[in-house]
Amino acid sequence: MTDPASNRQAIFRLAFAVLCGLALQIGAASAQVYPSKPITIIVPFAAGGPADTLARMLGERMRTPLGQAIVVENAPGAAGSLGVGRAVHAAPDGYTIGIGHLGTHVFNGALYNLQYDLSKDLQPIVLLPSNVYVIATKSDVPAKNLQELIAWLKANPDQATVATAGIGSIAHLAAVYFQKMTGVPLRVVPYRGGAQALNDVVAGHITLFFDQMTGGSVAMYRSGKIRPIAVMAKSRLPSAPDIPTVDEAGLPGLYVSAWYGL
């Protein structure tokens with residue numbers, strides 16, 4: 001489980017190196033200089049979320065050395081399966097790249113009747129950073145720690161709503177995992193992406209959210225717009241050392257993180 005800020009430069013260098021290798025393979029096969037036109041990165045979630053942010057950061061780093069525009073295209077829906085399908089069915093010429101994670105490239109294969117084969121129809125390029133999840137609540141929930149939160153949710157089942165980035169998303173499965181371990185009743189509210197879900201938590205419309213730890217999330221925690229309860233990892237994160245782990249908070253083993261890849 002990787003802290004959001006760690007090893008970022010190394011990851012970008014690795015991504016560029018692998019893309020250069022891909023460029024050489026495509027150029028040799030087609031006898032053309034690659035790339036000779038803009039490259040599209042398909043993000044299977046709405047704009048503003050972790051996947052979208054990572055894709056835009058990569059695109060900016062790739063643009064100058066490749067000498068072409070990098071277009072980020074958002075294609076949200078069905079926990080990311082629609083966007084992945086769009087990438088799968090694009091021309092196999094190296095000009096359409098999809099970004100995905102544990103949910104889109106593993107979980108969806110078990111949860112959805114996909115019109116593509118995750119193991120056969122996609123060619124992995126590079127593994128990107130992993131994001132640890134955090135249990136977060138709207139700011140006016142009176143609970144200050146995980147045990148208080150569980151007690152409050154059980155005492156207020158009519159207010160216990162949880163946002164997810166779509167049915168079958170990692171956030172949704174994290175919520176199911178949380179329910180199973182605690183017995184807390186939750187009403188699941190699906191969104192088309194994590195950014196929209198987080199906005200409604202900030203606005204106070206949603207009680208609970210299992211959020212990826214990103215720079216934007218940490219800024220919201222520090223501003224008090226949302227309340228972080230516990231990091232779903234074995235150790236605290238350097239970027240947010242004041243947030244306890246689930247082990248420390250009294251719910252050991254509730255670990256959730258998402259790896260990303262192109």
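Numbers for residues simply follow the sequence, beginning at 1.
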Task: Non-neighbouring partners of Arg63 that pass side chain to side chain contact (heavy atoms under 4.5 Å, CB included), sequence neighbours left out - done: Glu60, Ile70
Task: Side chain proximity check, Val84 to Leu114, heavy atoms < 4.5 angstrom - done: no
TODO: Kindly indicate whether the side chain of Lys37, heavy atoms from C-beta on, has any atom under 4.5 Å from the side chain of Asp93.
DONE: yes
TODO: Report yes if some heavy atom in the side chain of His172 is under 4.5 Å from a heavy atom in the side chain of Phe107; otherwise report no.
DONE: no
Task: Under the salt bridge (charged side-chain N to carboxylate O under 4.0 Å, His left out) test, residues paired with Arg86 that sit two or more places apart - done: Glu73
- [ ] Measure across Val132 and Ser257 and return the closest heavy-atom pair with its distance rounded to 0.1 Å.
- [x] CA-CB, 4.0 Å
TODO: Would you kindly confirm whether Leu127 and Leu118 end up in one hydrophobic cluster when ILVMFWY residues are joined by side chain heavy atoms under 4.5 Å apart?
DONE: yes
Open item on the list: How close do Asp117 and Ser119 get, counting heavy atoms only, and between which atoms?
Closed with: OD1-OG, 2.7 Å
Task: Val71 with Leu66, same ILVMFWY side-chain cluster at under 4.5 Å - done: no
Open item on the list: According to side-chain hydrogen bond (donor to acceptor under 3.5 Å, both in side chains), does anything in residues 39-54 pair up with another residue at least two apart or in another chain? List the pairs.
Closed with: Asp52-Arg56, Asp52-Asn74
- [ ] Answer yes or no: is there a side-chain heavy-atom contact under 4.5 Å between Leu58 and Leu128?
- [x] yes
Task: No-hydrogen, no-angle side-chain donor-acceptor test under 3.5 Å, Ser36 and Tyr95 - done: yes
Open item on the list: Could you measure the distance from the CD1 atom of Ile150 to the CD1 atom of Ile229? Nearest 0.5 Å is fine.
Closed with: 10.0 Å
TODO: Indicate, with yes or no, if Val126 and Tyr34 share a hydrophobic cluster defined by side-chain heavy-atom contacts under 4.5 Å among Ile, Leu, Val, Met, Phe, Trp and Tyr.
DONE: yes
TODO: Kindly say whether Thr137 contributes a backbone atom to a donor-acceptor pair with the side chain of Arg227 at under 3.5 angstrom?
DONE: no
Task: ring pair (Phe, Tyr, Trp, His ring centres under 6.0 Å) involving Phe209 - partner list, sequence neighbours excluded - done: none
Task: From CA spacing to verdict: side chain to side chain contact (heavy atoms under 4.5 Å, CB included), Tyr133, Asp211 - done: CA-CA 5 Å; Tyr133 277 69; Asp211 185 29; 5.7 Å; no
Open item on the list: Using side-chain heavy atoms (C-beta onward) and a distance below 4.5 Å, is Pro244 in contact with Arg236?
Closed with: yes
Open item on the list: I'd like to know if Leu82 and Leu122 are part of one continuous hydrophobic network [Ile/Leu/Val/Met/Phe/Trp/Tyr, side-chain heavy atoms within less than 4.5 Å].
Closed with: no
Open item on the list: Please check this pair: side chain of Tyr112 against backbone of Ser81, looking for a donor-acceptor N/O pair closer than 3.5 Å.
Closed with: no
Task: Value rounded to 0.5 Å, distance of CG in Leu262 from CE in Met62 - done: 7.0 Å
TODO: Find out whether Asp247 and Tyr255 are in side-chain contact, i.e. whether some heavy atom of one side chain is under 4.5 Å from a heavy atom of the other.
DONE: yes
Open item on the list: I need the minimum non-hydrogen distance between Glu148 and Ala143, along with the two atoms involved.
Closed with: C-CB, 3.5 Å
TODO: Can you see which heavy atom on Ala79 is nearest to which on Ile167, and at what distance?
DONE: CB-O, 3.3 Å
Going by atom type alone, with no hydrogens or angles, which donor-acceptor pairs under 3.5 Å involve a side-chain atom of residues 196-203 and a protein atom two or more places apart or on another chain?
| unit_1 | atom_1 | unit_2 | atom_2 | d |
| --- | --- | --- | --- | --- |
| Asn199 | ND2 | Ala195 | O | 3.3 |
| Asp200 | OD2 | Tyr191 | OH | 2.6 |

- [ ] Calculate, to the nearest 0.5 Å, the distance between atoms OG1 and CG belonging to Thr182 and Leu254 respectively.
- [x] 8.5 Å
- [ ] Dump the intermediate steps for side chain to side chain contact (heavy atoms under 4.5 Å, CB included) on Leu208 and Leu149, then the final yes or no.
- [x] CA-CA 10 Å; Leu208 185 65; Leu149 174 63; 3.9 Å; yes
Task: Spacing of CD1 belonging to Ile99 relative to CD1 belonging to Ile125, to within rounding of 0.5 Å - done: 10.5 Å
Task: CD1-OH distance between Ile170 and Tyr177, expressed to the nearest 0.5 angstrom - done: 14.0 Å
TODO: Give, for atom CD1 of Ile243 and atom CE of Met213, the distance between the pair rounded to the nearest 0.5 Å.
DONE: 4.0 Å
- [ ] Report yes if some heavy atom in the side chain of Val106 is under 4.5 Å from a heavy atom in the side chain of Trp259; otherwise report no.
- [x] yes
Open item on the list: Between Thr161 (side chain only) and Thr207 (backbone N and O only), is there a donor and an acceptor less than 3.5 Å apart?
Closed with: yes
- [ ] Look at atom NZ of Lys120 and say whether more than 12 heavy atoms of other residues, nucleotides or ligands are closer to it than 6.0 Å.
- [x] no
Open item on the list: Quick check: is Met181 connected to Val176 through a chain of hydrophobic side chains (ILVMFWY, heavy atoms under 4.5 Å apart)?
Closed with: no
- [ ] Check His101 against Gly103 and note the closest heavy-atom contact, atom names and distance.
- [x] ND1-N, 2.9 Å
TODO: For residues Gln212 and Pro50, report the shortest heavy-atom separation together with the two atoms involved.
DONE: OE1-CB, 3.6 Å
Task: Ser169 (side chain) donor-acceptor with Thr164 (main chain) under 3.5 angstrom - done: no
Task: Side-chain donor/acceptor of Arg187 to backbone N/O of Asp158, under 3.5 Å - done: yes
Task: For Phe210, ring pair (Phe, Tyr, Trp, His ring centres under 6.0 Å) partners two or more places apart - done: Phe178
